[in-house]
S.K.: 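Mind looking over this structure? Questions follow.
In what follows, chains carry the letters A, B, and so on, assigned in the order in which the sequence lines appear, proteins first and then strands, with residues in each chain numbered from 1.
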Amino acid sequence: MVVTTPSGQFKTSCPSSFFFSSQPRRLFRAKMASSSSPCASLSRNFSSRRNLHFHPSRNDPSISTTNISSSNLFRRPVSIEDPLPVICKRVRGYLWVHCLASVASVNQSNPTSSLPPLLIYNPDNFDYEDRKNTSTNPEHSLDLWRQESKRLNQNKLDENEKRRQLELKTSHGTEDSNKNSKGSPDGSYYVGQSFSGSSTCSPKLDTVEVNGQSRPICQPEVQNGRSGELISVNGRVNHKWKINSPLKENSNKDVHFNGSNRQHLETAEGNSASKGGAKFDGTQKPKAISTGHHKNLSRIYDEVVVVNNISDAQKVVGLLTTEYRDLVHACDTEVASIDVKKETPVNHGEIICFSIYSGETADYGNGKSCIWVDVLDGGGRELLMEFAPFFEDSSIKKVWHNYSFDSHVIENYGIKISGFHADTMHMARLWDSARRTEGGYSLEALTSDSRVMNEAQSCRNRELIGKISMKTIFGKKKLKRDGSEGKLTIIPPVEELQREEPILWTCYSALDSMSTLQLFESLQKKLEKMEWISNGKLEGSMFKFYEKYWRPFGELLVKLETEGMLVNCAYLAEIQKVATREQQIAADRFRKWAARYCPDAMHMNVGSDAQLRQLFFGGTLNSNDPNEALPLSRSFKVPNTDNVIEEGKKDPSKFRNITLCSLGVTMETEIYTASGWPSVSGDALKTLAGKVSSEYDWTDDEDISTDQKIKKEVDDSYGTAYEAFGREKEGKEACHAIAALCEVCSIDSLLSNFILPLQSNNISGKNGRIHCSLNINTETGRLSARRPNLQNQPALEKDRYKIRQAFIAAPGNSLIVADYGQLELRILAHLANCRSMKDAFKAGGDFHSRTAMNMYSHIREAVEKQEVLLEWHPQSSDDKSPVPLLKDAFGSERRKAKMLNFSIAYGKTPVGLARDWKVSVKEAKATVNLWYSDRKEVLYWQKERKEEANTIGSVKTLLGRTRSFPSLRGASNSHKGHIERAAINTPVQGSAADVAMCAMLEISKNARLRELGWKLLLQVHDEVILEGPAESAEVAKAIVVECMSKPFDGTNILSVDLAVDAKCAQNWYAAK
DNA sequence: ACTAAAAGCGCC
DNA sequence: AAAGGGCGCTTTTAGT
């Protein structure tokens, strides 16, 4: 897409989202590149970079259509109600906007004839003259657009309906409608909502693998590492480390999974027999196996019963459900057609095979003990369904490694798994929560660790204990051009392996379930040897803990994931428009200002830290190493937005260099990054800007009211940039400009972290519900959420676009959002048995005010004399308290008290507080002492925990989970400090997690809630969200509050009450 | 072309 | 000598 002016020259500053600007001034035309895309209904791309400049993408490989992974996309269906057919994606920071070709295309020879003018508007540059000259007008073309999208949408719906019908007829799979026949080269063809997930078994039509980047085999128990050496620089703590990320360490480092993993089941029902037969008819010999691994692995084959036809399946299922029904069975699936890094397994992924291992005593034929079922080619679905009686039998014990994933994938076939017995990943976490830095929790890492496996019972293949990674077995070094081996390891797609290397693949896959069972046995023994002390009482072994809590909890979490949260995508699309517009305005403000000092700043990427750092702090020394300094000016490669033709070149190149110099004044900063460079974080920028508005328009002073408002602002609301720029108008302008920059950054963050990804298809299943994965994978026992992380959605005050409003209840339903009040502080009061805190909680009311009162005698006196009130609950809107409230009269004291309440549980030091409060360390220390003076028990308890960590090397939570600190020995002092703070915090945070877990179990156990149809959807540490019929919302709310207040089998074992606040509403925002 | 590191930011 | 715990995710940039 090329953006031109009427004269044919390229223009910049054409924001992407100004479809309906209220004050358009110039119309930009879009020139349609002739497209060979099969999806002619889409235009080429409009592109805009993160700095929201439009630029032509003609010859730009970085934004060419071919290298865009479809998974980068978010798509919006063209609906009748919402006719803007926008398909955006982010590629290396650039926002792409696709528009319908019929609308966006333009006749090149006569540009005015066919371009609908509303495509993209820029309010600053709209040319009224131009508009007059065109025969089209925005209103008219909007109608055209609506008609066109309606028509297209209808076509797609019809097509989809046909397909669905077809799928209902054919019982499994569909014809490969692969990437060649669908979609444009970038995979960005139109997909309506109804397109995805229309059949659990069907190939996903809305995704196309472009680069084969995705990981085809799915064991998403592996995740990024986090932990390591702590370094801190100028008052900032940073975790600088590289710790074994199991994923990278074991399987994915330098591994390239070749080819598409988007292929799927073939139709060919008739092939079933021949294919299956050909594979394992006994005439085929294993391929020559050279490596030791392969040799060992192939021995597994003697243990494996290959099931690839119905009658064999019936035979083994018969054994599983009768003779061997009382054994513990380990199960594992292998799944294709899913990108586990980006997609939820709910309504995604296809099983190509699975294995069941019941221990060596089982005999499924010829003495073979492991079942391996081929469900890839032909008849696979029927074969899988034969196993439903086994999977669905609640009395048959099944063990999994990362149950969540396998459960979802199997449930995609309509099988409701029951009989969950254990998840070895959770057991391993319970046994040792510190493996993140010691190998992780992947099946491979666990089963290859003799410390984990030494309790496994001996088995015939003793030397084979342990999973072997795909990389080890199937990885091949990619050959370089000269024939030598490259660094990159290539692994073919799993379907290919299953077809091309059937024996090795069978062994690999069967080994997973065999390893899982052995791992289970070993971990069970280990947990049985661990004492379980809950709230000071010996309760038995930690395996009992597992059975009582984490087994049902693990199962519950899967249910939550399956439910998912309903998201209002139309709303998100709306706020996206608003956010993009506001970001654009702010970005323009900043850029115009910056260009006065450094012309090239007009074209800079305000999303680039390096460029900002150069602009503001060019020449500044590195605070770690005074021998290093930022250069005075530096050149950056930016996309050639303006198609500037550089010297000696004919055509404009894709990129060009801009030179950023510093602004010419010395900016002071106290905030540095870990590596010693000046920070350009939001905090740092806000220090420069001060608390001033970003609205200031310094280019024209016509807006008097704004001007007056500015004048009223006192000087001290300006930040440090005011002084740096000479304390005059220039200084003020600098502050306003930097404030605008802050706004750009924060809006950008909201957009790219929340608004855009929430609209993506790959994290939602059918029905527009988002299914994040909830993991028990933290050191403290808290949950974490991924894909997407629903636990960090913007909270009330900061949620300027009310993103939580997008999380809604289904029609006729309502949400209940219930959260604990000061859960961690209550836990601390209980654990430390702190009189003062417990009294304050017993008294109720505003805890922080009460803390302030207890800290400061003058406040206490004021309260006693009834000069101020601790709290006031107005009965009506004009009901005012007779005397001032404490939080108003003694605001700063209460703020300090509140800050301390939260900080002390985390182990914050006086130095840190002094920095936050901008007071001396001495003063901060005095305040901290004031806090402790009334809470000696807390001080003592914290000291105990530190000693416990130092002597025993571990601490415990309320319900008796242990967190150990293996890295304690040989730790540096700063590392030791970190461990001690963690030792203080873990019992608090971990016990709070225990309470939240119990509350969820209590809620899920509640028969009444179940009858009423209420279901848990999500947990955010001290908050749970449920959805159910609106008519029973109030009843359900009361039950939820009851469950949460008495979460331990209907009682509260704590010595403090648990305060619960609950609300019902249609969306998450309203319910808080 | 792919990856890792660094920086930053969202939540409780 | 530094100085708040626990997470997940995105982006840019540099290195291979």
S.K.: Is the distance from OP1 or OP2 of C:dG5 to the nearest side-chain N or O of A:H978 less than 4.0 Å?
M.R.: yes

S.K.: Among the candidates B:dC12, B:dG8, C:dC9, find the nucleotide nearest to the side-chain atoms of A:R787.
M.R.: C:dC9

S.K.: Apply salt bridge (Lys or Arg N to Asp or Glu O under 4.0 Å) to the pair A:E670 and A:K918, showing each step before the final yes or no.
M.R.: CA-CA 12 Å; A:E670 290 176 358; A:K918 298 195 167 72; over 6 Å; no

S.K.: Look at the side chain of A:E779 and the base of C:dG6, then say whether one donor and one acceptor between them are separated by less than 3.5 Å.
M.R.: no

S.K.: If you check the A:T673 side chain, which of C:dG6, B:dG8, C:dT10 turns out closest?
M.R.: B:dG8

S.K.: Using the side-chain heavy atoms of A:A610, tell me which of these nucleotides is nearest: C:dC9, C:dT13, B:dC12.
M.R.: C:dT13

S.K.: Starting the side chain at C-beta, find the nucleotide from B:dC9, C:dT10, C:dC7 nearest to A:S749.
M.R.: B:dC9

S.K.: I need the CG-C1' distance between A:L913 and C:dA2, as an integer number of Å.
M.R.: 14 Å

S.K.: Regarding A:W677 and A:N624, is there a side-chain donor-to-acceptor distance under 3.5 Å anywhere?
M.R.: no

S.K.: Tell me the partner of B:dA6, counting only Watson-Crick (N1-N3 plus N6-O4 or O6-N4) or G-U wobble (N1-O2 and O6-N3) with both under 3.5 Å; none if nothing fits.
M.R.: C:dT11

S.K.: What nucleic acid atoms does A:G977 come within less than 4.0 Å of, heavy atoms only: base, sugar-phosphate, or nothing?
M.R.: nothing

S.K.: When the distance from NZ of A:K908 to P of C:dG4 is rounded to whole Å, what number comes out?
M.R.: 6 Å

S.K.: Considering heavy-atom distances to DNA chain C, does A:T909 or A:D609 have its closest nucleotide positioned more toward the 5' end?
M.R.: A:T909

S.K.: Kindly point out which of C:dG5, C:dT13, B:dC11 is positioned nearest to the side chain of A:R634?
M.R.: C:dT13

S.K.: Checking A:N762 against A:S760: is there a side-chain donor and acceptor pair closer than 3.5 Å?
M.R.: yes

S.K.: Which part of the nucleic acid, if any, lies within reach of A:A905 when heavy atoms closer than 4.0 Å are counted: base, sugar-phosphate only, or nothing?
M.R.: nothing

S.K.: Heavy atoms only, 4.0 Å cut-off, all strands: where does A:V988 land among base, sugar-phosphate and nothing?
M.R.: nothing

S.K.: A:Q1019 has an atom CD; how far is it from atom P of C:dG6, in whole Å?
M.R.: 18 Å

S.K.: Can you tell me how far P of C:dG5 sits from CG of A:D916, to the nearest Å?
M.R.: 13 Å

S.K.: Would you mind reading off the distance between A:F807 atom CZ and B:dC11 atom C1', rounded to a whole angstrom?
M.R.: 12 Å

S.K.: Go through C:dG8, C:dG4, B:dG8 for me and flag the one nearest to the A:S903 side chain.
M.R.: C:dG4

S.K.: Check for me whether A:R935 meets the cation-pi criterion with A:W931, that is, NZ or CZ under 6.0 Å from the six-membered ring centre and within 45 degrees of the ring axis.
M.R.: yes

S.K.: Between A:P678 and A:T620, which heavy-atom pair has the shortest distance, and what is it?
M.R.: CG-CG2, 3.7 Å

S.K.: What is the distance, to the nearest angstrom, from the CH2 atom on A:W1068 to the P atom on B:dC11?
M.R.: 11 Å

S.K.: Just N and O in the side chain of A:S784: are any of them under 4.0 Å from OP1 or OP2 of C:dG6?
M.R.: no

S.K.: Please report the distance, rounded to the nearest Å, between CD in A:Q989 and C1' in C:dG6.
M.R.: 4 Å

S.K.: Taking only the side-chain heavy atoms of A:N789 (C-beta and beyond), determine which of C:dG6, B:dG10, C:dT13 contains the nearest atom.
M.R.: B:dG10

S.K.: Answer with base, sugar-phosphate or nothing: what part of the nucleic acid does A:G990 contact at a heavy-atom distance below 4.0 Å?
M.R.: nothing

S.K.: Please name the nucleotide paired to C:dG4 by Watson-Crick or G-U wobble geometry with both distances under 3.5 Å, or report none.
M.R.: none

S.K.: Could you check A:P788 against A:N973 and say which one's nearest nucleotide on DNA chain C is further toward the 5' end?
M.R.: A:N973

S.K.: Under 3.5 Å, is there a donor on one side chain and an acceptor on the other for A:T927 and A:K896?
M.R.: no

S.K.: Hey, can you tell me if A:F902 and A:H848 have their rings parallel, tilted or perpendicular (30° and 60° cut-offs)?
M.R.: tilted

S.K.: So if I take every side-chain heavy atom of A:V1020 and compare against B:dC12, C:dT13, C:dG5, which nucleotide ends up nearest?
M.R.: B:dC12

S.K.: If you only use heavy atoms from C-beta on, which nucleotide in C:dG4, C:dG6, C:dT10 is closest to the side chain of A:Y906?
M.R.: C:dG4

S.K.: Go through B:dC12, B:dG8, C:dG8 for me and flag the one nearest to the A:R786 side chain.
M.R.: C:dG8

S.K.: Taking atom P of B:dC9 as reference, at what distance in whole Å does atom CD of A:Q793 sit?
M.R.: 18 Å

